[in-house]
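Presented below is the structure to which this report refers.
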Amino acid sequence: HGTITDGTGALNFNTSSFSVEFWVNPDTSGDGFLLCKDGHWCIKLKKQRNLDITVNGTKLISTSQKLDIGVKTHVALSVTDTGSSTLVVLYLNGVLADTATDGARVADITASVFLNGGGAAGTSKVASATYDELVFWSKALDLSEVTARYNGGLGIAAAPADPNLVAGYHFDETSGTTADNFEGTAGLDMTITGTPEWVGGLIETVAGTRGVFSYVFPPGAVSEFHFEVQMPHAWDGSTIYPHIHWSTLGTGAAGDIVWE
């Protein structure tokens, strides 16, 4: 399992809105915690392959939708502090999956965050899964934001300068037992217990940078058109789902084309 020792309290989110998102590819059916801040909130994969969401020690959501074995799924948990209660919204693959309300505000719990485990030490109910692009936000993402990030390939679009970005993990490391927090705050790197198996996730060039291809049509062409192809993730290690961003030079016009 992975541990983020939240010594600074950056991931505490006491009586504050927040969101967390990640890709997960279950290797087998549950029963195990995917992500958990014990006593605060937890996302658990059940044996039936549905998800349970617990906030303040109370199970608020148990999805009817099941995760497929061997298929990467985008999970986004959005939590809104209303000032007197907590609104919990779960999105799967950019679509609203379920919502619930807890009568209390999110508890003030300074505890570590565990990836692939739960309990006080992160060793309870360990799941069997592969993870990618884990991102924490100090805001409640809405449907349009979650859908846009799902379509765009996720964490690759989370710039360290984003004021709502608290911590993020690309899991681009190829060895070792540390996953770097690309947001940059000291003390929020993830320590991985045991011997992690690093596998390919984001599509990268040989040099190890994310693949971006740009081309500008030469003068005299029907139109000057700039585009770049981003290949943010492969679902099964072989199938590529490109993301094209285009802009017409000199006009400010721009857009995105995403397909699967």
Side-chain angles (χ1 to χ4, degrees), residues 11 13 15-26 29-37 40-106 113 115 127 129-158 162 164-168 232-233 235 241 243 255-260:
L11 301 179
F13 304 121
T15 63
S16 298
S17 299
F18 71 95
S19 299
V20 58
E21 58 174 323
F22 58 95
W23 291 94
V24 60
N25 185 349
S29 295
D31 179 47
F33 290 104
L34 301 180
L35 193 67
C36 189
K37 188 175 179 72
H40 198 156
W41 50 266
C42 290
I43 303 173
K44 187 178 184 181
L45 177 65
K46 302 293 288 181
K47 288 183 179 180
Q48 296 79 14
R49 293 183 283 109
N50 63 310
L51 295 181
D52 280 356
I53 308 299
T54 301
V55 176
N56 294 333
T58 301
K59 183 172 70 174
L60 298 178
I61 290 176
S62 186
T63 66
S64 58
Q65 182 175 344
K66 298 180 179 181
L67 273 61
D68 292 325
I69 301 299
V71 177
K72 187 177 288 186
T73 299
H74 177 240
V75 178
L77 177 65
S78 179
V79 179
T80 301
D81 178 76
T82 67
S84 59
S85 61
T86 302
L87 173 64
V88 180
V89 183
L90 179 68
Y91 303 94
L92 296 177
N93 288 335
V95 177
L96 176 64
D98 209 339
T99 182
T101 300
D102 185 50
R105 305 177 75 181
V106 176
V113 175
L115 179 71
T130 303
Y131 301 86
D132 206 355
E133 300 304 329
L134 170 62
V135 184
F136 295 87
W137 300 92
S138 61
K139 63 175 291 187
L141 296 176
D142 61 25
L143 176 60
S144 63
E145 292 171 311
V146 171
T147 301
R149 292 182 55 70
Y150 166 70
N151 286 336
L154 273 294
I156 192 172
D162 191 311
N164 295 118
L165 176 64
V166 180
H233 63 276
W235 288 55
Y241 296 83
H243 177 156
D256 293 275
I257 304 173
V258 181
W259 73 89
E260 299 178 359

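When reading the values below, keep in mind they use all heavy atoms of this one structure, side chains included, and skip hydrogens, waters and symmetry mates.
- Summarising the geometry, atom CG belonging to L77 is positioned 7.0 Å from atom OG belonging to S19; distances are rounded to the nearest 0.5 Å.
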Problem - T130/D132 under side chain to side chain contact (heavy atoms under 4.5 Å, CB included): CA gap, chis, key distance, verdict - result: CA-CA 7 Å; T130 303; D132 206 355; over 6 Å; no
Handout entry: Chi angles and distances behind the side-chain hydrogen bond (donor to acceptor under 3.5 Å, both in side chains) call for N50, S62
Key = CA-CA 7 Å; N50 63 310; S62 186; 3.1 Å; yes
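- Checked by atom type and distance alone, the side chain of N25 pairs as donor or acceptor with a backbone atom of G70 at under 3.5 Å.
- With hydrogens and angles disregarded, no donor-acceptor distance shorter than 3.5 Å links the side chain of R49 to the backbone of K66.
- In this structure, a donor-acceptor pair under 3.5 Å is absent between the side chains of E145 and W137.
- At least one donor-acceptor pair closer than 3.5 Å links the side chain of T82 to the backbone N or O of S85.
- Using a 4.0 Å cut-off between a side-chain N of Lys or Arg and a carboxylate O of Asp or Glu, K59 and D52 qualify as a salt bridge.
- Pairing each heavy atom of A129 with each of P26, the nearest pair is CB-CA, 3.9 Å.
- Between the T63 side chain and the Q65 main chain, a donor and an acceptor come within less than 3.5 Å of each other.
- Note: F33 CZ to C42 SG = 5.0 Å, rounded to the nearest 0.5 Å.
- Across all non-hydrogen atoms, the minimal contact from L143 to L96 is CD1-N, 4.2 Å.
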Handout entry: Full working for side chain to side chain contact (heavy atoms under 4.5 Å, CB included) between L90 and T99
Key = CA-CA 6 Å; L90 179 68; T99 182; over 6 Å; no
Exercise for the section: Would you check, one step at a time, whether the test side chain to side chain contact (heavy atoms under 4.5 Å, CB included) holds for D102 with V88? Expected result: CA-CA 8 Å; D102 185 50; V88 180; 5.6 Å; no
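- The two residues S17 and A140 make their nearest non-hydrogen contact at CB-N, 4.0 Å.
- Using a 4.5 Å heavy-atom cutoff, the side chains of F13 and V166 are in contact.
- Of the residues H74, E133, E21, the one that meets the side-chain hydrogen bond (donor to acceptor under 3.5 Å, both in side chains) test with R149 is E21.
- The distance from atom CG of L134 to atom CG of L34, rounded to the nearest 0.5 Å, is 11.0 Å.
- With contacts defined as side-chain heavy-atom distances shorter than 4.5 Å, the pair F18/D81 does not qualify.
- A donor atom on one side chain and an acceptor atom on the other are not found under 3.5 Å apart for T147 and S144.
- Here CG of L51 is found 6.0 Å from CG of L92. Values are rounded to the nearest 0.5 Å.
- Here the straight-line distance linking atom OG1 of T73 with atom CG of L67 works out to 4.0 Å at 0.5 Å rounding.
- With hydrogens and angles left out, the side-chain atoms of T86 and N56 include no donor and acceptor closer than 3.5 Å.
- Residues T80 and V89 fail the side-chain proximity criterion, which asks for heavy atoms closer than 4.5 Å.
- Between W41 and C36 the shortest side-chain heavy-atom distance does not fall below 4.5 Å.
- Between F22 and Y131, the angle of the ring planes lies from 30° to 60°, which puts this pair in the tilted group.
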Practice task
Dump the intermediate steps for salt bridge (charged side-chain N to carboxylate O under 4.0 Å, His left out) on D31 and K47, then the final yes or no.
Solution key: CA-CA 5 Å; D31 179 47; K47 288 183 179 180; 5.7 Å; no
Practice task
Walk me through it: do V135 and L165 pass the test side chain to side chain contact (heavy atoms under 4.5 Å, CB included)?
Solution key: CA-CA 8 Å; V135 184; L165 176 64; 3.4 Å; yes
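- In this structure, the separation between CG on N93 and NZ on K72 is 11.5 Å, given to the nearest 0.5 Å.
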